[in-house]
Amino acid sequence: MIQGTTKANSRKLKISASLLAISFCAGLAGTARAQDAADATDTVMEDESTIVVTGSRIGRPVLDLPTPVGVVTSDALTNNNAQFDIGRALAQQPSIGFSGSMQQSQQTGASGSRGENSGGLAVVDLRSLGANRTLVLVNGKRRVAGATDSAAIDLNSINPNLIERIEVITGGASAIYGSDAVSGVVNIILKENFDGIRLSFNGSQPARGSEGFTYGGSLVAGKNFGEGRGNITVAADYTKVQEITPRQADMKNYVAMINPADTGPDDGIPDMILAPGAEALRFSGYGVVGFSNDTGGLGRFAFNDDGTVRPFPTPSLTDGGLFGVFENCGAACFRFDDSISIVPDIERYNLNLSTHYDFSDSVRGYFGVDYNNTSSFGRGQPVIRSGTPINVAENAFLNEDFRADLLAAGATTVRMDRLYTDLGLRYSQVDRNSLSFVGGFKGKVETGFSDLRYDVYGTYGRTKAKFIGYNRLLVRNLNAALDSVIDPATGEAACRMNVPALQPPGYVPPSIVGSAPCAPFNPFGSTASSQAARDFVTTTTVSNAFIRQTTAGFSLAGDSEKLLTMPGGGAVGFALGAEYRKERNGRTTDPLVKAGLTNQAATQDYEGGYHVTELFGELSVPILTDMPFAKLVSIEGAVRHADYSHAGQATSWKAGGIWEPTEGFRLRATISRAIRAPNIFEAFRPSEGQTTNVDDPCSETNIGENPNRAANCAALGRPDGYVPLNGGIGVPFIVSGNENLKPEVSDSWTAGFVFTPTFLPGLQLSVDWFNIQIDDAISFLSPQQIAENCVDRAGGPDPDLCSLITRESNTASPNFFGITTGNSTYVNTSKLKTSGLDAQMFYAQPVGNGRISANLAFTYLHRLRTYTFQARPDLYTVLEGFYGYPKYKGVMGLTYSNGPLTVGWQGRYQSSQSLTDISPGISRELVSDRKTGSRFYNDISASYVLPMNGRQEAKFSFGVSNLFNEKLPKMESVQVIDPSGGGFDQFGPVIRAGLEVNF
């Protein structure tokens with residue numbers, strides 16, 4: 001054992017454990033018991049056990065680690081409402097990104113995925129480098145992922161009532177834990193030796209509005225047996241999260257409109273202005289014609305609900321294609337944020353069983369099984385169809401007066417733009433369940449050369465997901481139903497395919513889906529279509545996916561104390577081991593979607609997998625101890641070699657050191673190389689069609705965003721005044737995985753100090769600089785990135801990227817030059833860089849009969865840059881300070897405890913974020929409101945423990961977040977669907993209350 005329990009080191013251990021409680025997530029622990037860590041250390045000392053923390057497999061005090069390690073306590077999670085959303089509670093921390101972590105939104109998915117399939121997921125994104133680069137462990141072991149397009153586990157699959165603490169390290173940790181630990185590791189430690197029964201009930205409600213009510217209850221029951229040698233614990237948890245919509249979030253539907261005062265580029269006048277209450281009339285539920293200039297010069301018209309027409313109104317402001325600010329538009333106008341969920345309805349169950357038994361002093365057997373079921377239900381916008389042809393002379397439902405006007409003007413076919421609100425919203429349901437097993441033996445074996453700690457283990461996990469899409473459009477059926485005529489035999493409206501007398505020569509009846517007869521569809525007005533027609537053109541789709549993971553491994557750890565110690569130093573600690581892991585996942589797509597018969601992009605079935613074998617080793621060498629100007633000098637190293645079946649071999653390593661020149665002040669530094677192999681979806685995703693929105697950089701509204709665009713777009717044949725016909729909505733792209741991907745490589749270093757002054761007991765301060773660079777980063781080339789980088793290069797359009805996009809070449813087409821198709825995939829071409837400063841402070845002192853503690857966690861984001869193409873260093877995106885990546889982020893807390901009463905305050909700060917691209921070469925006058933402004937949120941909490949009888953007690957808790965009602969910033973609702981993506985609270989104060997009863 002590494003001198004962990006000697007009397008001389010007892011003070012060091014107390015300091016170490018205290019720092020462990022605050023060194024990273026101090027702010028989150030603002031209302032937790034600061035003494036918990038010290039209590040835990042005393043227990044460790046009494047049991048003469050070795051401290052093992054995340055970031056090393058060698059047992060030792062945390063201060064002897066050169067890597068910053070932090071802990072979020074269970075009390076801290078409770079006070080931040082983690083009962084309902086662990087991801088949101090963690091995302092308040094400075095070094096954890098908002099994206100993905102912040103909200104269980106159906107609108108957010110991994111790169112290149114369909115966001116509706118990620119409903120109900122919550123993940124962790126350390127350093128804002130992506131959830132795929134953060135490794136989440138449970139009790140130090142991997143767990144099966146939550147979604148097929150990512151390797152990240154779903155935090156909602158963890159029962160929050162069983163969490164003892166969450167240990168976090170930032171920076172490369174692949175040498176210790178393997179692939180995916182590029183930005184760090186989050187290790188969720190579950191409770192052991194729970195003895196008794198705990199019932200808890202919790203609820204939270206926004207102070208304003210009816211949405212967002214959340215409630216839940218849990219039961220944890222445990223029993224020690226075998227004279228304390230064994231324990232069995234069972235737990236059950238239920239959580240219900242109510243849907244949140246933009247109206248509840250008071251987002252005011254801001255849209256960027258063309259500024260009529262703008263005189264040109266670089267004139268000091270914003271090109272666009274943010275306007276509230278923007279509406280879409282062109283795509284209304286009533287239908288619009290004339291945008292294709294096909295009405296014979298009559299202009300543009302919007303239909304009324306009775307099928308009559310009115311001239312298309314002129315908006316006072318417009319975005320150039322889709323949205324405008326209209327006066328007296330009435331019900332015909334449509335607000336897109338009326339029909340989306342920024343958080344879907346979520347219902348979640350967790351069932352857990354864990355047990356362990358000490359067969360002897362050196363052998364403990366352990367086993368655990370966890371089951372989670374999460375169901376999310378969210379709304380999405382109705383189906384949009386652009387350019388649908390209407391036969392003017394024969395359509396059964398066209399208003400007769402308007403028909404006569406059109407025919408008189410020579411218009412025989414008009415094209416309709418319409419939002420099919422009468423078909424209902426597109427609802428998406430995701431039912432996801434996971435089952436995980438873990439078992440093994442661990443203990444300590446005394447040998448002649450070392451006392452070895454061992455762990456031999458195996459795990460199995462599987463996740464199943466069902467994706468249900470309601471009100472999905474059958475495109476062929478709609479086309480057949482819209483081709484309506486008056487049947488001369490009956491005088492009633494009918495589908496042309498059912499009226500042979502009106503079928504022209506060479507007519508081929510359309511192939512429809514299903515056995516139901518074609519029912520004619522009236523598109524003129526939002527309530528004119530019949531129920532039979534709506535049923536004929538819609539369907540429900542069901543797709544399924546699975547993920548399986550199997551691991552087996554062992555580890556040994558010990559030290560050289562029985563054989564040798566370093567002259568003037570201490571015993572050498574070591575660890576070694578091996579692990580085998582097999583991953584497999586796949587998807588079975590609804591047959592209608594697979595065949596391309598719905599409005600969804602055709603998606604194919606796929607199944608893929610890989611296996612990896614890894615060997616690892618670690619050394620810790622205390623060179624000097626208790627010497628003048630060298631209270632401690634220690635170095636360490638780790639290496640891991642992996643052999644992937646799909647990506648070849650890779651080696652990661654880590655080195656670090658500590659120098660304590662005087663008691664209470666330590667310098668520490670690490671350097672590491674981390675490896676991340678491509679996940680299954682990135683490597684094996686099949687080629688499939690997918691509709692996406694592409695904001696065409698050559699559009700009149702976007703042409704000035706980059707100084708190279710105008711010339712490059714002109715070189716591609718852009719016509720003057722070009723605006724895409726459909727606004728860039730629903731562009732079909734072919735997306736695919738890439739089996740030739742290789743592992744991405746990250747080089748990182750940290751350097752800092754820890755200060756625990758003897759002249760001010762209770763004060764602890766740490767400051768660390770971090771620097772991470774990822775080469776050959778695996779990234780998805782999105783359609784938007786391809787379109788922009790095609791025309792943003794100096795010296796002419798990029799031939800490689802432009803070749804991935806097809807534009808309309810027919811000059812007679814109303815959509816001439818518009819993007820019609822494209823291709824996207826995953827590549828190893830990207831480079832990511834980030835650097836910054838982490839600072840943490842903790843101070844605690846007794847006050848009277850109580851205790852007061854203060855803590856602070858702060859991160860300065862110096863750089864966060866993405867280079868989409870490593871060969872093009874001139875093309876990079878600046879993210880630090882952009883929306884979702886504040887340059888300054890911090891949390892601070894004050895807690896006072898006195899007997900059964902604990903009260904706390906927490907403050908959350910984030911600096912202002914830009915709403916427009918701040919990369920080089922991008923205009924700074926794009927939008928009038930370019931900044932969100934900084935925010936400071938105040939949260940309060942209180943709890944009181946009421947003894948009842950013996951061990952029985954009841955704990956009452958209460959809290960309010962965003963106490964002073966900080967408002968949302970002024971930002972574009974359509975583009976920024978979820979305000980939590982920037983770390984903003986969606987609405988005003990949220991009140992929570994809880995009751996916990998222990999028996």
Side-chain angles (χ1 to χ4, degrees), residues 1-6 8-9 12-13 15-16 19-20 23 49-69 169 171-177 185 444 446-455 555-578 615-641 651-674 748-754 766 768:
M1 194 161 52
I2 305 178
Q3 304 179 21
T5 58
T6 62
N9 284 305
K12 180 186 297 183
L13 284 175
I15 294 174
S16 301
L19 269 174
L20 180 65
S23 62
S49 301
T50 304
I51 297 175
V52 180
V53 295
T54 306
S56 175
R57 297 179 184 271
I58 302 173
R60 49 190 157 150
V62 72
L63 273 184
D64 289 354
L65 290 175
T67 304
V69 180
I169 67 170
S174 288
I176 306 297
Y177 296 106
V185 171
K444 184 171 65 174
E446 296 184 3
T447 69
F449 64 91
S450 180
D451 294 340
L452 298 175
R453 288 180 292 105
Y454 69 90
D455 189 1
S555 64
L556 290 173
D559 61 51
S560 64
E561 186 175 18
K562 289 185 177 181
L563 292 179
L564 62 89
T565 59
M566 297 297 294
V572 177
F574 62 87
L576 56 88
L615 301 174
F616 57 86
E618 183 181 1
L619 282 177
S620 173
V621 184
I623 299 174
L624 297 174
T625 58
D626 297 323
M627 304 286 286
F629 302 105
K631 300 295 292 182
L632 174 66
V633 176
S634 176
I635 60 173
E636 70 169 43
V639 64
R640 175 181 288 253
H641 182 75
T651 301
S652 55
W653 52 265
K654 176 182 179 181
I658 290 175
W659 175 35
E660 184 180 5
T662 184
E663 186 174 356
F665 182 74
R666 288 194 172 193
L667 299 171
R668 60 188 181 188
T670 64
I671 184 171
S672 63
R673 168 159 290 187
S748 63
W749 59 268
T750 66
F753 68 86
V754 180
S766 67
D768 293 276

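Starting from 1, each residue takes its place in the sequence as its number.
Two residues are said to be in side-chain contact when any heavy atoms from C-beta on lie closer than 4.5 Å; I658 and L632 meet this criterion. The side-chain heavy atoms of S174 and R640, taken from C-beta on, include no pair separated by under 4.5 Å. Inter-residue side-chain proximity for R673 and T651 is flagged as unmet; no heavy-atom pair is nearer than 4.5 Å. Between F449 and D559, every side-chain heavy-atom pair lies at or beyond the 4.5 Å cut-off.
Residues meeting the side chain to side chain contact (heavy atoms under 4.5 Å, CB included) test with Y177, sequence neighbours left out: T54, R57, L135, L137, A173, V185. The ring pair (Phe, Tyr, Trp, His ring centres under 6.0 Å) check on F665 picks up F753, with sequence neighbours excluded. For T662, there are no side-chain hydrogen bond (donor to acceptor under 3.5 Å, both in side chains) partners, not counting sequence neighbours. For I623, the side chain to side chain contact (heavy atoms under 4.5 Å, CB included) partners are V621, V633, I635, not counting sequence neighbours. For A557, the side chain to side chain contact (heavy atoms under 4.5 Å, CB included) criterion is met by R453, A575, not counting sequence neighbours. Under the side chain to side chain contact (heavy atoms under 4.5 Å, CB included) criterion, L576 pairs with F554, L556, not counting sequence neighbours.
Residue V572 is tested with T565, L563, L619 for a side-chain contact (heavy atoms from CB on, under 4.5 Å); the sole match is L619.
Between D455 atom CG and S555 atom OG the span is 5.0 Å, to the nearest 0.5 Å. H641 NE2 to S652 OG: the interatomic distance, rounded to the nearest 0.5 Å, is 10.0 Å. Note that the CD atom of E446 and the CG atom of D451 stand 4.5 Å from one another [nearest 0.5 Å].
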* To do: Verify side chain to side chain donor-acceptor pair (under 3.5 Å) between T750 and T670, making sure each step is shown before the conclusion.
  => CA-CA 5 Å; T750 66; T670 64; 2.7 Å; yes
* To do: Kindly indicate, with the supporting measurements, whether the criterion side-chain contact (heavy atoms from CB on, under 4.5 Å) is fulfilled by S634 and W659.
  => CA-CA 7 Å; S634 176; W659 175 35; over 6 Å; no
* **Test log, rule side-chain contact (heavy atoms from CB on, under 4.5 Å), inputs S450 and S560** => CA-CA 6 Å; S450 180; S560 64; over 6 Å; no
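Taking all atoms of both residues into account, the shortest heavy-atom contact from G657 to P66 is O-CB, 3.6 Å. D768 and G752 get closest at one heavy-atom pair: OD1-CA, 3.5 Å. Between K562 and T447, the closest heavy-atom pair is NZ-O, 2.8 Å. When every heavy atom of G558 is checked against every heavy atom of L452, the shortest pair comes out as CA-CD2, 4.2 Å. Of all the heavy atoms in A638 and I176, the pair that sits closest is CB-CD1, 3.6 Å.
Between K631 and E660 there is no salt bridge, since no side-chain N of the basic residue sits under 4.0 Å from a carboxylate O of the acidic one.
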